[in-house]
Amino acid sequence: MRQNLPVTDTERHLRDGDSVVSRTNSHGIITYVNTTFCEISGYTQEELVGQPHNIMRHPDMPAAVFADLWATLKAGKAWKGSIKNRCKDGGFYWVEANANPIVADGEVVGYMSLRTRPTVEQVRHAQHAYADMRDASRHHRWRLWRGRIIGTSWRGIAGRLRGLRLRDRIAAIIVVLALSGLAAAVSAMAGMAASNAALARIQRNHLLPAQQMGTILRKMMENRILITDAATGVATETLDASRRRIVANQDDIAALVANYRARTDRPGQRALLERWNSVRMQYKDRIDATLQALERGEHERAEDILANELPQRYEPLVASANALADQHAAAAARAIRDAETRYARHWVLALTLLVAAAMVAGWLGVMLMRAVTRPLADAQRLGSAISSGDLTGSVVIRNEDEIGDIVQATLNIAGNLRGLTNDVTIAAGTTTEAAFRIAGDARDIGLYMTEQKQAVARIATQIRELQQAMTAQLEHTVVAHGFANDNHKIAINARAGLQRVIASIDNVQQAVNRIGDTVTVMAAVASETDILALNAAERARTGDPHRALATVVDEVHGLAKRSRSVSGGARHMMSEIIASLDHGVTSLGECRELLDTIGEQSEHVAQLMETNVVKAHAHADTVVKVDSCLVGLTQIADDGADLSLRTMKCAAILEKSAELLLDRISFFTLPKHVPAVENLPLAKHALATTDDSAYG
C-alpha cells in the first residue's frame, strides 16, 4: 500500500455544507476536482489532475478499507465510509466518503466521489475500529461491508440485522410468513395424519378385530346351525357336504383367530383372547364330537351334545367375545380421544404458529413501514428542498437499505450540486466580470478602430499628397540632375580656364622675376657708380685741381643716389608685385583646389542626383504600392470596425448569458460561507449595466 509521508498532527476540518467532489477514470486516475477539494487538501488542480487518487491516502488508514472499497465499486455498488486523508503539508482531515461507479453503455468508465463533513461520533468510531484493524492481534474484532464498520460480536451481528436492506426485510417477511404457513400446514397435516393414523390403528387394532370376531362368531353360529340341522334331519344337503362346510368354516375361524392374535398387542386383550380361544377350542371339540357322532349314526349322542354340552361352551364363548368387543370399543374410544387430543394440539400449534407468524410479520411490517415511511419522508423533504433550490439541507440516514441508498444518492446529488454550483458561481462571477470587461474592451476597440479608420483615411490623404509632391519632386530632381550635369561641365571648363590663368600668371611672374633681376643689376650699377663717385670725390679732395671733377662726381653721386632710390622703390614694388603674384598664385591654387573639389562634388552630386532619380522612381512606385496597401488597410479598418461591432454584440450576448447564469445560480441556496452571487466582484455591476443601448 502506498505510504504518503511525512505526516503531522495538524487537523483540518471541512465546513458544514462543504462538498469535496472528485472524479477518476476506471484506473483511479484523477480527472476532475472541485475548488473545495483543492482548498482542504492544499494541492492545486494542476497537481491533482492526472495523479492516482491514492495521493491523498493517509498511513493510518488500514488496507482492508480500500480493499472493501474497490471490491464494492468493481461489483457496481455504491460505497460509503469514513476516511482519513492526508494534506499536502502532512496534515490530515476526516471525511464521510460516498463513492459511486460511473457506468456508460453497461461498462464502468470511472468513479465519482463525494466527501462531506463527518460527525464526531463517526470519527471516534472509525478511529477506534481502524486502530484495531491495524493491530494484528485485534483486527478480527471488526469487518467491513460496503464501507460499514461491523463488529464481530453479537452486538455487531444485531447491528447488521438492524441494518437489513428493504429487499432482505421483505424477503424476511415473506420467509417468515411462508415458513409459518408451512409450519402451520405441516402441523395441521401432521394432526390430520396422526388422526388418520389413529383411525387406521383403531380400524386395524379394534374395528377389524371386532369385525373378525363377528365373522368368527357368525361362522361358529353357522357351524352350530349346520350340525343342528344335520342332527335333526332338516338339512337340505348331505352330512358329508355339511361336514365340508363346517371344516371350511373352522379353517377360516382358525385363520381369523391367528390374524386376530397377531393384531392384538395389549397384554389384557391378549389374555382375554387366550381365554376366549380356549373356550373356542372346547366349542370346536363339541362340534367335532357331534359331527363324529352323526357320522357314526349316534344321533342321540349328537343331540345330547347339541342340547347340553354345546350351549355350555357357546355362552362363555359369546361372553368372552363381548368382553373382547367391549375392550376394543373402550380402546377405540381412548384412541379416538387421543387422536382428537393430538389433532387439537396440532391445530393449536398451527394456530399458534400462524398467530406468531402474524405477529412477527406484523412487527416486521411495522419495522418495514418505519424503514420506508420515515426515510421516504426524509427523502421527500430533502427532495423538496433541492427542488426549491436549497442545497444546504441534510438528513440522517436511518437505515443502510435501498431507501437509505436513495437518500444517500439524493444527498450525493445535493453535495455534487453544492460543489459544482460553488465552482459555477465563482466561474459565473469571473465570466460576468470578463464579459463586462470584454464589453468595455470591445467598446474601446470600436473607438480605437474608428480612430484608426480616420487616421488611415488621413494617412491615405497625406500619402496621395506625398505622391503628388514626390511626382513634382521627381520632375524637379530630373531638372536638377540636368543642372548638375551642366554645372559639372562648367566646373570642368572653369578648371581648365583657371589652369590657363595660372599658367599666364606663372609667365608674368617669370617676367617680373626678370624685371627684378634687371632692377637688381641697376641697383648694383648704382652702387658701383656711387662707389666710383665716392672714390673720385675722395681723390678730388686730395687734389685742388680737380674741383670740377668733384662737382661731376657729386652729381654722379646724386644720380647714383636717385638711381639707388629708384631701384630700391622698384625693388620694393617688385617685391610687392611678387608678393601679390605669390598671393594670387596661392589664391588661384586654392581656387583650383576648390574647383577640383567642386568638380568632384559636382560629379558626385550628379551621381547622387542620378541615384535620386532612380530612387524617386522607386519611391513613386512605393507610394503607389503604399496607396494600394492603404486601400487594403482601409478595408481592414472597415472590417475591424465591423468585427468590433460584432464583438460588442457578442459581448452583450455574453453579458446577458452571464446575467441569466447568475440569475439561475441564485435559485440555489448554498452554505453561508459560499459568497452569494450578488456579492461577487463586478457581478452586481455587470447585471445592472447589461443594456443593448450601451452597444448602439
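The first residue in the sequence is number 1, and the count goes up from there. Scope of the values below: all heavy atoms of this structure, side chains included, with no hydrogens, waters or symmetry mates.
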### Query
What's the verdict on side chain to side chain contact (heavy atoms under 4.5 Å, CB included) for L144 and V65, showing C-alpha distance, side-chain angles and the deciding distance?
CA-CA 7 Å; L144 291 166; V65 176; 3.8 Å; yes
### Query
So H58 and Y93, side chain to side chain contact (heavy atoms under 4.5 Å, CB included) or not? Walk me through it.
CA-CA 10 Å; H58 197 280; Y93 60 96; over 6 Å; no
### Query
What are the two closest heavy atoms between A131 and R138, and how far apart are they?
O-NH2, 4.1 Å
### Task
Dump the intermediate steps for side chain to side chain contact (heavy atoms under 4.5 Å, CB included) on D18 and I40, then the final yes or no.
CA-CA 10 Å; D18 274 351; I40 191 66; over 6 Å; no
#### Entry: Separation between CE of M61 and CZ of R134, rounded to the nearest 0.5 Å
9.0 Å
### Task
Find the distance between CE (M133) and NE2 (H128) and round it off to the nearest 0.5 Å.
12.0 Å
### Task
Return each pair, listed once, that meets ring-ring contact (aromatic ring centres under 6.0 Å, His included) where at least one residue sits in residues 103-126; pairs must be two or more places apart or across chains.
W70-Y111, H125-W142
### Query
Got a sec, which residues hit side chain to side chain donor-acceptor pair (under 3.5 Å) with K88, two or more places apart in sequence or on another chain?
E47
### Listed partners of D60 passing side chain to side chain donor-acceptor pair (under 3.5 Å), at least two apart
K84
### Message
For A78 versus T72, what's the shortest heavy-atom pair and its separation?
### Response
O-CG2, 3.3 Å
### Query
Considering residues at least two apart in sequence or located in another chain, which fulfil the side chain to side chain donor-acceptor pair (under 3.5 Å) criterion with D89?
R12
### Task
Over all heavy atoms of both residues, which pair between A126 and S82 is shortest? Give the atoms and the distance, please.
CB-CB, 3.8 Å
### Query
Of all heavy-atom pairs between T36 and S19, which one has the smallest distance, and what is that distance?
CB-O, 3.5 Å
#### Entry: Separation of R146 CZ from L69 CG (nearest 0.5 Å)
12.0 Å
### Query
Do S41 and N85 come close enough that some side-chain heavy atom pair is under 4.5 Å?
no
### Query
Are D68 and W79 side-chain neighbours, meaning at least one heavy-atom pair lies under 4.5 Å?
yes
### Exercise: identify the closest heavy-atom pair between F37 and S22
CE1-CB, 3.5 Å
### Qualifying salt bridge (Lys or Arg N to Asp or Glu O under 4.0 Å) pairs, either residue in residues 99-118, two or more places apart
D16-R117
#### Entry: Nearest atoms (heavy-atom pairs only) where I149 meets A129
CG2-CB, 3.4 Å
### Message
Is the shortest side-chain heavy-atom distance between C87 and E11 below 4.5 Å?
### Response
no
### Summary
Those residues at least two apart in sequence (or on a different chain) that pass side chain to side chain donor-acceptor pair (under 3.5 Å) with Q122 are T119
## Note on the structure
Between the OG1 atom in T116 and the CD atom in E96, the distance rounded to the nearest 0.5 Å is 6.0 Å
### Query
Are any of the side-chain heavy atoms of P52 and I29 separated by less than 4.5 Å?
yes
### Query
Roughly how far apart are H53 NE2 and H27 NE2, rounded to 0.5 Å?
16.0 Å
### Message
Let me confirm one number: the NZ-CG distance from K80 to L114, rounded to the nearest 0.5 Å.
### Response
10.5 Å
#### Entry: Check against side chain to side chain contact (heavy atoms under 4.5 Å, CB included), Y43 and I55
CA-CA 10 Å; Y43 289 95; I55 190 176; 4.1 Å; yes
